[in-house]
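These notes are about the structure you will find just below.
Counting starts at 1 for both ligands and their atoms, following the listed order. Note that this is a predicted model, so its numbers are computed, not measured. Heavy atoms only: backbone and side chains are in, while hydrogens, waters and symmetry mates are out.
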Amino acid sequence: MCTAGKVIKCKAAVLFEVKQPLHIVEIEVAPPKAHEVRVKILASGICRSDDHVLNGTLKVKFPIIPGHEALGVVESIGEGVTYVKPGDKVIPLFLPQCGKCRACKNPQRNLCEKSDTFKGTGLMYDGTSRFSYKGKPVHHFANTSTFTEYTVVHEDAVAKVDPAAPPEKACLIGCGFSTGYGAATKTAKVTPGSSCAVFGLGGVGLPVVMGCKAAGASRIIGINRSKDKFPIAKELGATECVSPLDFKKPINEVLLEMTDGEGVDYSFEAIGRTDTMIAALASCNMNYGTSVMVGLPPSEAEMTLSPTLIFTGRTWKGSLFGDMRGKEDVPKLVSELMAKKFNLDPIITHVLPFDKINEGFELLRNGKCIRTVLKM
Ligand code: COD
Ligand code: ZN
Ligand code: ZN
């Protein structure tokens, strides 16, 4: 039965209030308006930032459908859409690429002005929602909203990918994998033979390790409090792993000793803490080292540090979505996945049916998973 142009009734995970579980309910999804695309979601990963929506760290409007790391297939298109057609496989983009704003026109940048991730209006460009529950509007999240069987996104906010892309794996390219991998390959531009330190070996830190390895780093030191992630970090390319709990002195001093007082060429913080951001900065070479912030700090966080850390020549950079430009880079990464340039199997520890979404969040909070993927 053709659903184009009609309202679709389907299951979605709605968050009605902060610090509540998600409720799977039947919602109505309106047809896409001009320049919009309705997508049937096939698989969606659970990212730490979705939990930030649930626990209130990321401020949003309620009710809302979270989820931003997914792969789906185009069900129908609105007037004027030429980039995709029904049946195309797509990855929704929480950082759209409108192609017209200042960020999009700068080939080095990716924070498109059309991104709602930091504005939090929860609405489409025209200021309305395509979702409703019991006749009342439900908000969109981060230009994507993927914890639903069907979503509507602007055509700026989808990347068309290889039709043979495996949904449960390739969905990670929509956020976690690309965020970490790009921090190494695009933001830091890790060079062959260099030394790297990766703070935090979770779902984002491990892809940083993969990016450092792909870029040809000869030394990759993983830093994590618990040692349970050390074997997988080594499998993915870490040459050594250390826990700060094993030392009395600060971890940056340990790293300086491990590198004959030089410090590493590149360091990455994938924990989201200000103390480890400063430790990562202090661990890279004082003159030519580059440190990249990947973890999202709490919104109210502030930090105090010695200006000398920067004055001597270090570079301190932030990285959003690994500096990936969605429409250009996401299809390339999917092709690289399919050509086996990297393997996502080790970081997908759990695959659950959509109905078990709250269990997936428990696994994330208990540190029991690296990445959980929901099959719709
Ligand atoms: N020292 C060393 N290791 C630590 C410390 C510490 N003080 N504290 C925690 N850790 C370890 C934990 O044991 C854990 O293994 C790891 O650090 C963190 O991993 P996870 O699995 O808990 O978290 P991730 O990897 O899924 O995500 C962490 C981020 C901070 C990267 C994530 O929350 C984040 O901020 N993402 C935002 C990045 C981004 O660009 N987002 C865009 C949209 S999502
Ligand atoms: Zn994410
Ligand atoms: Zn733009």
Side-chain angles (χ1 to χ4, degrees), residues 44-53 55 57-58 66-70 93-106 109-115 117-118 141-144 146 154 156-157 171-180 182-183 187 197-209 222-230 232-233 241-247 250-252 268-280 292-299 301 318-327 347 349 363-372:
S44 184
I46 301 181
C47 174
R48 182 74 51 180
S49 305
D50 296 311
D51 197 36
H52 288 161
V53 174
N55 67 28
T57 315
L58 207 64
H68 60 282
E69 179 183 273
L93 301 172
F94 71 89
L95 289 187
Q97 197 179 343
C98 76
K100 298 180 195 107
C101 74
R102 283 192 184 209
C104 284
K105 281 189 176 156
N106 179 337
R109 306 278 17 121
N110 67 352
L111 185 46
C112 174
E113 282 170 15
K114 296 290 190 187
S115 170
T117 308
F118 298 100
F141 172 60
N143 306 74
T144 46
T146 62
H154 195 275
D156 293 347
C171 64
L172 263 56
I173 291 171
C175 183
F177 173 74
S178 309
T179 296
T187 311
V198 182
F199 286 68
L201 299 172
V204 175
L206 290 170
V208 176
V209 170
I223 300 109
N224 206 64
R225 281 168 77 94
S226 70
K227 294 182 184 170
D228 54 341
K229 305 276 168 56
F230 289 1
I232 181 173
C241 290
V242 288
S243 166
L245 301 178
D246 285 345
F247 303 92
I251 192 69
N252 46 297
F268 301 87
E269 203 276 358
I271 303 167
R273 295 172 54 102
T274 52
D275 58 341
T276 42
M277 287 172 186
I278 296 170
V292 180
M293 254 183 223
V294 192
L296 185 73
S299 48
S319 178
L320 253 182
F321 194 36
D323 275 334
M324 297 293 174
R325 288 161 61 83
K327 281 190 193 273
I347 59 173
T349 50
L363 290 167
L364 178 86
R365 291 175 196 138
N366 301 336
K368 295 237 165 70
C369 68
I370 295 173
R371 231 8 173 217
T372 297

Polar contacts were defined as any N/O atom of the residue lying under 3.5 Å from an N/O atom of the ligand; does this apply to H68 and ligand 1? no
Which protein heavy atom lies closest to atom 20 (P) of ligand 1, and at what distance to 0.1 Å? R48 NH2, 3.4 Å
Between T144 and T146, do the side chains contain a donor N or O and an acceptor N or O under 3.5 Å apart? no
Side chain to side chain contact (heavy atoms under 4.5 Å, CB included) for V209 and L201? Distances and angles first, verdict last. CA-CA 8 Å; V209 170; L201 299 172; 4.0 Å; yes
Taking atom 21 (O) of ligand 1 as the reference point, the nearest protein heavy atom with its distance: G202 CA, 3.3 Å
At under 4.0 Å between heavy atoms, what of A142 touches ligand 1? The answer is neither
When you look for heavy atoms under 4.0 Å from ligand 1, do you find them on the side chain of I271, its backbone, both, or neither? both
What part of F199, side chain from CB on, backbone N/CA/C/O, both or neither, has a heavy atom under 4.0 Å from ligand 1? neither
Can you report which non-hydrogen protein atom sits closest to atom 38 (C) of ligand 1, along with the distance? V294 O, 3.2 Å
To check your reading of the site, what angle at the Zn ion (ligand 2) do NE2 of H68 and SG of C175 form, to 10°? 110°
Can you sort out which atoms of ligand 1 are near S49, meaning under 4.0 Å from one of its heavy atoms? 43 (C), 44 (S)
Is P244 in polar range of ligand 1, meaning some N or O pair under 3.5 Å apart? no
From the options V208, N224, L201, select the one whose nearest heavy atom is closest to atom 14 (C) of ligand 1. N224
Atom 34 (C) of ligand 1: closest protein heavy atom, distance to 0.1 Å, is L296 N, 3.5 Å
Residue part near ligand 1, for R225, under 4.0 Å between non-hydrogen atoms: both
Return the NZ to CD1 distance between K229 and I347, rounded to the nearest 0.5 Å. 11.5 Å
How many angstroms lie between atom CZ of R225 and atom CD1 of I223, to the nearest 0.5 angstrom? 13.5 Å
Approximate separation, where rounding is to 0.5 Å, of N110 CG and S319 OG: 7.5 Å
Could you tell me whether S243 approaches ligand 1 through its side chain, its backbone, both or neither, with non-hydrogen atoms closer than 4.0 Å? neither
Nearest non-hydrogen atom to atom 31 (C) of ligand 1 belongs to which of V204, L364, I370? V204
